[in-house]
Enquirer: 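This is the structure, below, for whatever I ask next.
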Amino acid sequence: QAITLVKLFRIVQKVQYHRVTGKRNNYERIDQLMERLEQSFAATELPRSRQEFVSRASLFHLFQEIKRYYRRIQKMPVVVLPVNEPLTRKENPNSTLIRQG
């Protein structure tokens, strides 16, 4: 499940980038993916050791945080979104998106 969460996080990063740059996102597919992952957590056998419990609990908590962040991206106010201004990634230590100008 850890690898799946890494992939999901990368997808959510792309969703954020597409949202900020005004590109389309396929929210339905991502919602389905999250639902399947939620079902996967629910169907997993109970942990056999404390270490396994802690590991799974951490993964589940991370999954919940990714879902929460994804929902916030979807609700991002239009005021925050750019108005036909392309964003670029400049080489800097933070590698943040900045407006061209």
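Numbering of residues begins at 1 and proceeds along the displayed sequence.
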Enquirer: Would you say CD of Q39 has more than 12 non-hydrogen atoms from neighbouring residues, nucleotides or ligands within 6.0 angstrom?
Expert: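 Enclosed.
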Enquirer: Got a donor-acceptor contact below 3.5 angstrom from the E52 side chain to the R48 backbone?
Expert: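 Such a contact is found between E52 side chain and R48 backbone.
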Enquirer: Do the non-hydrogen side-chain atoms of Q74 and N25 ever get within less than 4.5 Å of each other?
Expert: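 No; the side chains remain at least 4.5 Å from each other.
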Enquirer: Is there a donor-acceptor pair closer than 3.5 Å between any side-chain N or O of S58 and the backbone N or O of V54?
Expert: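 Yes, because the side chain of S58 sits within donor-acceptor range (under 3.5 Å) of the backbone of V54.
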Enquirer: Can you tell me how far apart OG (S55) and CZ (F60) are? Round to the nearest 0.5 Å.
Expert: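 Result: 14.0 Å between the selected atoms.
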Enquirer: Roughly how far, to the nearest 0.5 Å, is the CZ atom of R10 from the CD1 atom of I66?
Expert: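 I66 CD1 to R10 CZ: 11.5 Å, rounded to 0.5 Å.
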Enquirer: Decide yes or no for H18 and V15: does some side-chain heavy atom of the first lie under 4.5 Å from some side-chain heavy atom of the second?
Expert: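 No, side chains not in contact.
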Enquirer: Does M34 reach the side chain of V12, with side-chain heavy atoms less than 4.5 Å apart?
Expert: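 Heavy-atom side-chain distance check passes, below 4.5 Å.
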Enquirer: Using only heavy-atom distances, determine whether the side chains of Q16 and Y70 contain a donor-acceptor pair under 3.5 Å.
Expert: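 Per modelled atom types, Q16 and Y70 side chains form no pair under 3.5 Å.
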Enquirer: Please enumerate all residues that pass salt bridge (charged side-chain N to carboxylate O under 4.0 Å, His left out) together with R68, with sequence neighbours excluded.
Expert: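 Testing R68 for salt bridge (charged side-chain N to carboxylate O under 4.0 Å, His left out), a comparison that skips the adjacent residues, returns E65.
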Enquirer: If we ignore hydrogens and angles and just use 3.5 Å, is the side chain of T21 paired with the main-chain N or O of Y17 as donor and acceptor?
Expert: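 Indeed, once roles are kept as given, a pair shorter than 3.5 Å links the two residues.
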Enquirer: Does the side chain of E38 come within less than 4.5 Å of K67's, by heavy atoms?
Expert: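 Contact flag for K67/E38 side chains = yes.
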Enquirer: Can you measure from CD1 (I30) to NZ (K14) and round to the nearest 0.5 angstrom?
Expert: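 With rounding to 0.5 Å, CD1 (I30) is 10.5 Å from NZ (K14).
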Enquirer: List for me each residue that meets ring-ring contact (aromatic ring centres under 6.0 Å, His included) alongside F63, sequence neighbours excluded, and say none if there are none.
Expert: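 If we apply the ring-ring contact (aromatic ring centres under 6.0 Å, His included) test to F63, skipping adjacent residues, the hits are F41.
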Enquirer: Other residues, nucleotides and ligands only: do more than 12 of their heavy atoms fall within 6.0 Å of OH on Y27?
Expert: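 Atom OH in Y27 is crowded, with more than 12 foreign heavy atoms closer than 6.0 Å.
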Enquirer: Could you measure the distance from the CD1 atom of I73 to the CD atom of Q13? Nearest 0.5 Å is fine.
Expert: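 Those atoms lie 9.0 Å apart.
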Enquirer: Could you tell me which non-hydrogen atom of L5 sits nearest to which non-hydrogen atom of L59, and how far apart they are?
Expert: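 Where L5 meets L59 most closely, the heavy atoms are CD1-O, 3.3 Å.
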Enquirer: Consider only side-chain heavy atoms of I, L, V, M, F, W and Y, link residues closer than 4.5 Å, and tell whether V6 and L8 are in one cluster.
Expert: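 Per the 4.5 Å side-chain linkage, V6 and L8 are not co-clustered.
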Enquirer: Charged N to carboxylate O below 4.0 Å: is that the case for R71 and D31?
Expert: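 Salt bridge between R71 and D31, a charged N being under 4.0 Å from a carboxylate O: yes.
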